[in-house]
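Working notes, structure below.
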Amino acid sequence: MNVREVLTKPVHIAPLVTFRIIFGAVMFASVCRFVLKGWVYDLYIKPTFYFTYYGFDWVKPLGNGMYVLFALMGLAAFCIMIGFLYRYASITFFLAFSYVELIDKTNYLNHYYFISIISFLLIFLPAANYFSVDTLLKPEKTTSKIPLGILGILMAQIGLVYFFAGLAKLNYDWLFRAMPLRIWLPADYDFPLIGTFFDQVWVAYFFSWISAFYDLAIPFLLLNKKTVKPAYGILLIFHAMTYALFNIGMFPFIMMGLTLLFFPESFHIGILSKLQHLFHFRTTPKKIYPDSLYAPRKFLLVLVGIHFFIQILLPLRYILYPGNLFWTEQGYRFSWRVMLMEKGGTNFFHVQDPATGNICEVVPGRYLSPFQAKMMSTQPDMILQFAHYIDKEYRLKGIKDPIVTVESYVTLNGSGSRPFIDPKVDLSKQKESFLPKLWLLPFQE
Amino acid sequence: MRQTKFLILCLLPLLLFSCKKKEEKKEQPDFDRKAMLTNIGNNIILPAYSDFSQKSGDLHAKVQDFNKNPGTASLTAVQLAFKNAFLSWEPVAVFGFGPAEQEALRVSLDVYPTDTAQINKNIADGSTNLDGAQNIDAKGFPAVDYLLFGVASDNAGILAKFTTDAQATNRKAYLEAIAAQISTKASAVSNAWASYLNTFVNASGTDVGSSVGILVNQLNYSFEMIKNNKIGIPLGKQTLGNPLPEKTEAYYSGISAQLAVKHEESILNIFLGGSGLGFDDYLTHLKANYNGGSLADAIHTQLSLVKEKLVAIPDPLSVAIVNNMAVVNTAYTELQKTVVLLKSDLSSALGVLITYQDNDGD
């Protein structure tokens, strides 16, 4: 069989449908959790300054309207789950979710980015063409078969996340210094059963190597029919451990739920029939629409092609930048670099009035939330944004052309604090761009 | 059936995600956070609160004596009791969580500079009500500092304000109200710690809200308070180099530098765990390095150096920032270096989640 035949091979739609249901359910739970924890207020209403993404300065928080946006997002997630007005729901969810994420890079998480991508892809997939409120209302829209390639899109996206996460682990610190696990694991010495061993260096090495191997291998093990079940078992253990050890929120559960996609279609048909039974869902009259095959449009092929082209290049863009990636973080985001380094920073911002030469120290805590200040302390682009903000503030206070400098120290993977940014450079004159930041000092090993 | 099992298996964690990690009791080979917390709790926090509570009680008693028999001797006695009580506050000021947070201790006792206009208005009105946002900087130690040292230029003048002055009675009542509040709050927090100690010691995990995380957070916060509020702001570091003497912590009694030293010593003491298990032992156990040496030693040396530089500042600080600027500046530089060690290196080495609290501001 050639690639084309494999991709167009008709398979049952059930795996895509359970994927939609699980995604909708987990997103609904996540949105509720986010609101109940009070994070809407803490992260999107309370701060006075937000670290927007380059080119997305127009994305602004909506004040108390943020609650409306989250309500809309939750509603959309629920509609995705039940497959009601699916196309509108998936578009709404994608837009609302991505808008929130774009407000402040303080809150950037790889798994939020992952959710944005999945919800984007779901817009174009026929995930509600079966066992949904939509098909209940319009049975003629039902399709029971899809080309395998449709599932392949989601599988490729999930596989890509693991694989790039694994590739990112193939660096000197991770493999040959067992960093940062060597710092993180001993802290969890009270972990049930195996915690007593966390103090020992070989355990950190063992976890480093095994997790790199796991990330690289899991996509292939999931794809193989013979290994999918044991692979999923390992995946459950792996994600359960990361959940217990590190503070990474919903991510483990999202991955546990979505990777069920790799299970054989009989598994998914089984789940759907159980659900149908549970909810007394009247099955689609098979007589009228027997094995209707969904035919994707050409447009989807082009879109998917462009999408994966970008997806493969984005994580590799760091190659274009000079210096240590972990130090400069140029090309770090949107690359599936998960839990890769331990970084801590301290900044002292100074404003000088060029007219008098007098210097004033600016304490970031006065303008930023503690969390924002912490996230900024190690990320150069955020430091620059804050310097520009100070520049604006002091212009308003009547100082002409203030000189904004920062004395910045960062420790990376237990290196000890090192000077991070050239303290002589006037950051108010530096422009934000994708070009290398020449005012960063090189990492002193 | 298999499918259902798998589904349950994958959905079960979803239902459990709100459940907290269980604390597992087990024997420890080398280092035990619980032992460190027990040491810090029993041998540092409890004695510090008990000392603070006792000296605050003494201040209140001396204020009552003074109010009954206002004279040179009773004034000197109450002034001394005030200095002792204020100095005993600094070691506990670091523990701004748990009972102290519930009693809003820091906000009730140590907001400075004090609002003398509001204090005088309250006295003129005959009001002893210390609640309300307008009174937030009209009470606590800085207010007593003003009443006992700042209402006139010398003790004879101060005494007159409490005897012959038209508002002497109201002034006495206001002073009494503040001293009573300090004493009440001090003993309330001190007593609450007896039972809170258990909570403190048992939160020995690494998650948000763990005692180690809170302590590190408080050490950082406290240290930045020394750098910014106690020294930096009066020195003019945030006002383009214009010194602001009246923004010192004890402007009228002139013991601001001593207070800063006390506060810093307390942080050093917590770091060392007194003579028992402390953060230094924890870092040594973790083999945390700093430029080839140990991080524990680096922090210990730096904290000792800062103490030396703070001790070198002559009181009153409000004068030193103008006349001995170089000495204060040296201390400030060392304070800044220490902030880096505590904020970046210490926090990063422990692998413990730290949530930064909001600043009280000034």
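Here is how names work: the chains are called A, B, and so on, in the same order as the sequence lines, proteins then strands, and each is numbered from 1. On a predicted model such as this, the values are computed, not experimentally measured, just so you know. What's counted below: heavy atoms across the whole structure, side chains too, no hydrogens, waters or symmetry copies.
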Max heavy-atom pairs within cutoff under 4.5 Å with chain B, candidates A/Cys360, A/Gly416, A/Gly344, goes to A/Cys360
I'd like to know which of A/Ala240, A/Pro186, A/Gly345 tops the heavy-atom pair count under 4.5 Å against chain B.
A/Gly345
Judged by modelled atom types alone, do A/Thr411 and B/Ser344 share a side-chain donor-acceptor pair under 3.5 Å?
no
Checking B/Ala349 against chain A: side chain, backbone, both or neither under 4.5 Å from a heavy atom?
backbone
Checking heavy atoms, do the side chain of A/Gln444, its backbone, both or neither come under 4.5 Å from chain B?
neither
When rounded to the nearest 0.5 angstrom, what distance separates OG in B/Ser348 from CG in A/Asn413?
8.0 Å
Need one label for A/Leu185: side chain, backbone, both or neither, based on atoms under 4.5 Å from any heavy atom in chain B.
neither
Residue pairs passing the salt bridge (charged side-chain N to carboxylate O under 4.0 Å, His left out) test with at least one member in residues 355-364 of chain A, sequence neighbours excluded, are A/Glu361-B/Lys227
Within a strict 4.5 Å, meaning less than it, do heavy atoms of the A/Val362 and B/Gln238 side chains meet?
no
Applying the side chain to side chain contact (heavy atoms under 4.5 Å, CB included) criterion to B/Leu240, which one of A/Thr356, A/Val351, A/Asn358 satisfies it?
A/Asn358
Examine the side chains of B/Asn228 and A/Arg366 and answer whether a donor and an acceptor come within less than 3.5 Å of each other.
no
CG/A/Asp199 to NE2/B/His285 distance, rounded to the nearest 0.5 angstrom?
3.5 Å
Side-chain touch A/Tyr409/B/Asp345, heavy atoms, less than 4.5 angstrom
no
Most chain A-contacting option - heavy-atom pairs closer than 4.5 Å, from B/Leu341, B/Thr239, B/Val339
B/Val339
According to salt bridge (Lys or Arg N to Asp or Glu O under 4.0 Å), who are the partners of B/Glu334, at least two apart in sequence or on a separate chain?
B/Lys337
pair B/Lys287-A/Val201: side-chain heavy atoms closer than 4.5 Å
no
